[in-house]
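This report refers to the structure that appears directly beneath it.
Chain letters run A, B, ... following the sequence lines, proteins first, then strands; residues in each count from 1.
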Protein chains: 2
Amino acid sequence: MPSIIEQIASELNISNASVSRALNDRPGVGKDLRERILQRARDLNYTPSLIARGLATSQTFAIGFFVHEKPNLSTQTDPFYGEILHGVEQVCAETDYHISIATLTDAILTAPADFRFVRERRIDGMILAGPDIPNHFVVAMLQSGIPVVLVDNKLDHSPINCINSDDDRGAYLAAKHLVELGHRSIGLIAGPEHWSSNARRVWGYTWALQEVGLTAPIIHVDRTTIDSGKAAYYQLVSEHPEITAIGAVNDSMAIGAIRAAQDEGRRVPEDLSIIGFDDIEWAAHNSPSLTTINIPKRQMGKEAARRLLSLLDDPEAAPTEIIVSVQLVKRESTQERS
Amino acid sequence: MPSIIEQIASELNISNASVSRALNDRPGVGKDLRERILQRARDLNYTPSLIARGLATSQTFAIGFFVHEKPNLSTQTDPFYGEILHGVEQVCAETDYHISIATLTDAILTAPADFRFVRERRIDGMILAGPDIPNHFVVAMLQSGIPVVLVDNKLDHSPINCINSDDDRGAYLAAKHLVELGHRSIGLIAGPEHWSSNARRVWGYTWALQEVGLTAPIIHVDRTTIDSGKAAYYQLVSEHPEITAIGAVNDSMAIGAIRAAQDEGRRVPEDLSIIGFDDIEWAAHNSPSLTTINIPKRQMGKEAARRLLSLLDDPEAAPTEIIVSVQLVKRESTQERS
DNA sequence: ATATTGAACGTAAACGCTTACGTTTAAGGA
DNA sequence: TCCTTAAACGTAAGCGTTTACGTTCAATAT
């Protein structure tokens, strides 16, 4: 059975080349012949074989979306990467590109040297998502020769194409919000100091408070779960009972803090205002619902895909960091200091 | 630049065919020549071009994982398909298969007739996930000629390869649990009657209660969100104030019911026991934490992948429905009737 | 000793497209 | 009218594999 291209060619007594040209919208075929070819192709329900095309052009029209398997700082209870992936899908759906996914396991992360992981997938480019993908792996991928875009991550000492949320500003907004509500004794609940987005959030808080002459006690804990939020809360209020508002470095911890406060018999927000960060799905469903900083995950995915696609056109483009802006979402867990 | 296969062939003064045979572990090449070929391949860091191989064999070593975009019955606030996908990944990671994903949009769902969607992807098989993928689409995919496995779905009148959770039994267990706690006035909160998993859950409840001579009032609402859980709660208790326990058809609704009860000043579980279904991530973090029926999502993904892979070997195998068993998870939202 | 067999290996076509290059043809310029 | 030019189209090689079919040759059977 001949391929559809061949069939059209023979039916119309022309060459494969002309059919291919017409189908790909390339010059070199006359107006009305082109029309007849396209018509016939439609009738025959022609779908190009991306795989044959791939062999011929060494383009696969697939991109990889690879996420680190460990739950990260902000995604304990949230389909964080699911949302990002959705964004990637949305922009790819408008193109010919397909998405090939994989989870980055430790095995892959520790043995990137042979490029096997990327080469066997035959992808044109890749998106790497997750804050704790080790630098050395990113560097290795960069050397594989295909474009790389990072999401929720960056490289330590050199510029790279990446998409990140505006953590500094988000934290700044959060602090500002608390200050505007009249709070003057504000405590901070933070995760491990060396996580970069954590550090940036702490920095944003500190900066905003400093602007109005305030300094905040900071509790660092080594995880960012609900339970560590509780623990941080207890430590914070025992050291600083005068506090009327708490900023948490992510929503899970904020929710933990709310629980702990409620367990102690303090009302949120009447006695204590608490604000989170991330706007995970449950933030809106918590009781009280959580005031927080929204990260536009889907948009991050879209930006990542767009960046990657444009890189595919021009691989030499200079590395750019895209910072998506975040937004304060006022809900029930914060109110004016009484 | 010659391909690596050609390079090895010429270095060793043999033919491409022998190299290919050795690489693919096929008979027809002598023991020690084979060894030398493999050795050289390792040295050269050979990675087969799946795309060239695909052209030659018309196997792509990729499967599609396609999920319906609408949030379904049970996944409002839960990375349901994320977990399933994880399972799929885990088993694929042990094979040569890659995963190509896409979201089934309405546009795709309504125009499947041309197979464009599946053909252009050049996949060897596909997993379709989501309870409300229309029958006609599934049928169309079946006719595309490649194996199809359904997850969280089935076909109305003909057998098909699918993976589902044991909804009847789950509901049975839930009801049994309430009965064993001493409850005799039990109400049911359910979603739309025509959703099949919903119907099976209602059926399981009814059956278990009937076994001990009980019948339960059932409230059907048209969505399965937290808010509709609240609404259903109010309707239920206004019509049946004597009720001491509530079974909800999914966790979101159960949580809604808990909220509503708490708002009314009733304590859960002291005054009212409430049990959910699904065991979404938040169930464990709710206060009180939610007693519910756990669906092993990851395992469903694994089963789906395994089924698909075996179908790839033997496409003629008879359609099988795999039902994964569910489990009662006792937490805080239920207790003995006081 | 010859005939038979099968393992080892080579040849070359095929998979479905793209594309560099060559040829034809008609239009436009002098 | 003849020459130039470019658009239209054809030719055929090539992308990296696999595989049906041939060939060679040594081992075994007779």
[X] [atom1] to [N] [atom2], straight-line distance once rounded to whole Å:
X: A:Gln59; N: D:dG14; atom1: CD; atom2: C1'; result: 17 Å
X: B:Leu55; N: C:dT18; atom1: CG; atom2: P; result: 11 Å
X: A:Ile51; N: C:dT18; atom1: CD1; atom2: C1'; result: 15 Å
X: B:Asn13; N: C:dG10; atom1: CG; atom2: P; result: 9 Å
X: B:Leu12; N: C:dG10; atom1: CG; atom2: C1'; result: 15 Å

Inset, instruction - Scan nucleotides 17-23 of chain D nucleotide by nucleotide, 5' to 3', and note B when protein non-hydrogen atoms come under 4.0 Å of the base, S if they reach only the sugar-phosphate, - if neither. - result: BBB----
Inset, instruction - Taking the six-membered ring for Trp and the single ring otherwise, decide whether the centroids of B:Phe117 and B:Phe66 are under 6.0 Å apart. - result: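 Yes, ring centres under 6.0 Å apart.
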Keeping [X] on the side-chain end and [Y] on the backbone end, is there a donor-acceptor pair under 3.5 Å?
X: B:Asn164; Y: B:Asn153; answer: yes
X: A:Thr110; Y: A:Ile108; answer: no
X: A:Asn135; Y: A:Leu155; answer: no
X: B:Glu89; Y: A:Thr103; answer: yes

Inset, instruction - Tell me yes or no: between the side chains of B:Gln39 and B:Glu35, is some donor less than 3.5 Å from an acceptor? - result: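 No, because no side-chain N or O of B:Gln39 sits under 3.5 Å from a partner of the opposite role on B:Glu35.
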Inset, instruction - Determine to 10° how strongly the helix from C:dA1-D:dT30 to C:dA30-D:dT1 is bent, judged from the axes of its five-pair ends. - result: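 Between the axes fitted at each end of the helix from C:dA1-D:dT30 to C:dA30-D:dT1 lies an angle of 40°.
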Legend entry - Near-strand residues of residues 32-44 of chain A, defined as heavy-atom separation under 4.0 angstrom from DNA chain D: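 Residues of residues 32-44 of chain A that come under 4.0 Å of DNA chain D are, in numerical order, A:Leu33.
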Inset, instruction - Rounded to the nearest 0.5 Å, what's the gap from CZ on B:Arg122 to NE2 on A:His98? Could you check? - result: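 That separation rounds to 10.5 Å.
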For residues 124-131 of chain A, which side-chain N or O atoms pair as donor and acceptor with protein atoms under 3.5 Å away, sequence neighbours left out?
{"residue": "A:Asp124", "atom": "OD1", "partner": "A:Thr60", "partner atom": "N", "Å": "2.8"}
{"residue": "A:Asp124", "atom": "OD1", "partner": "A:Thr60", "partner atom": "OG1", "Å": "3.0"}
{"residue": "A:Asp124", "atom": "OD2", "partner": "A:Thr60", "partner atom": "N", "Å": "3.2"}
{"residue": "A:Asp124", "atom": "OD2", "partner": "A:Phe61", "partner atom": "N", "Å": "2.7"}

Inset, instruction - For a salt bridge (Lys or Arg N to Asp or Glu O under 4.0 Å) with A:Glu83, tell me which candidate from A:Arg298, A:Lys297, A:Lys302 qualifies. - result: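 Per the salt bridge (Lys or Arg N to Asp or Glu O under 4.0 Å) rule, the option paired with A:Glu83 is A:Arg298, out of A:Arg298, A:Lys297, A:Lys302.
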Legend entry - Sugar-phosphate, base or nothing in reach of A:Ile14, heavy atoms under 4.0 Å: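 Touches sugar-phosphate only.
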Inset, instruction - Remember a base hit wins even if backbone is also touched, and classify B:Gly30 as base, sugar-phosphate or nothing at under 4.0 Å, heavy atoms. - result: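 Sugar-phosphate contact only - B:Gly30 comes under 4.0 Å of backbone atoms but never of a base.
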Legend entry - Contacts of A:Asp313 that satisfy salt bridge (charged side-chain N to carboxylate O under 4.0 Å, His left out) - sequence neighbours left out: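 In terms of salt bridge (charged side-chain N to carboxylate O under 4.0 Å, His left out), with neighbours along the sequence ignored, A:Asp313 is linked to no residue.
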Taking only distance into account, with no hydrogens and no angle test, what donor-acceptor pairs under 3.5 Å do side-chain atoms of residues 18-33 of chain B form with protein atoms, sequence neighbours excluded?
none

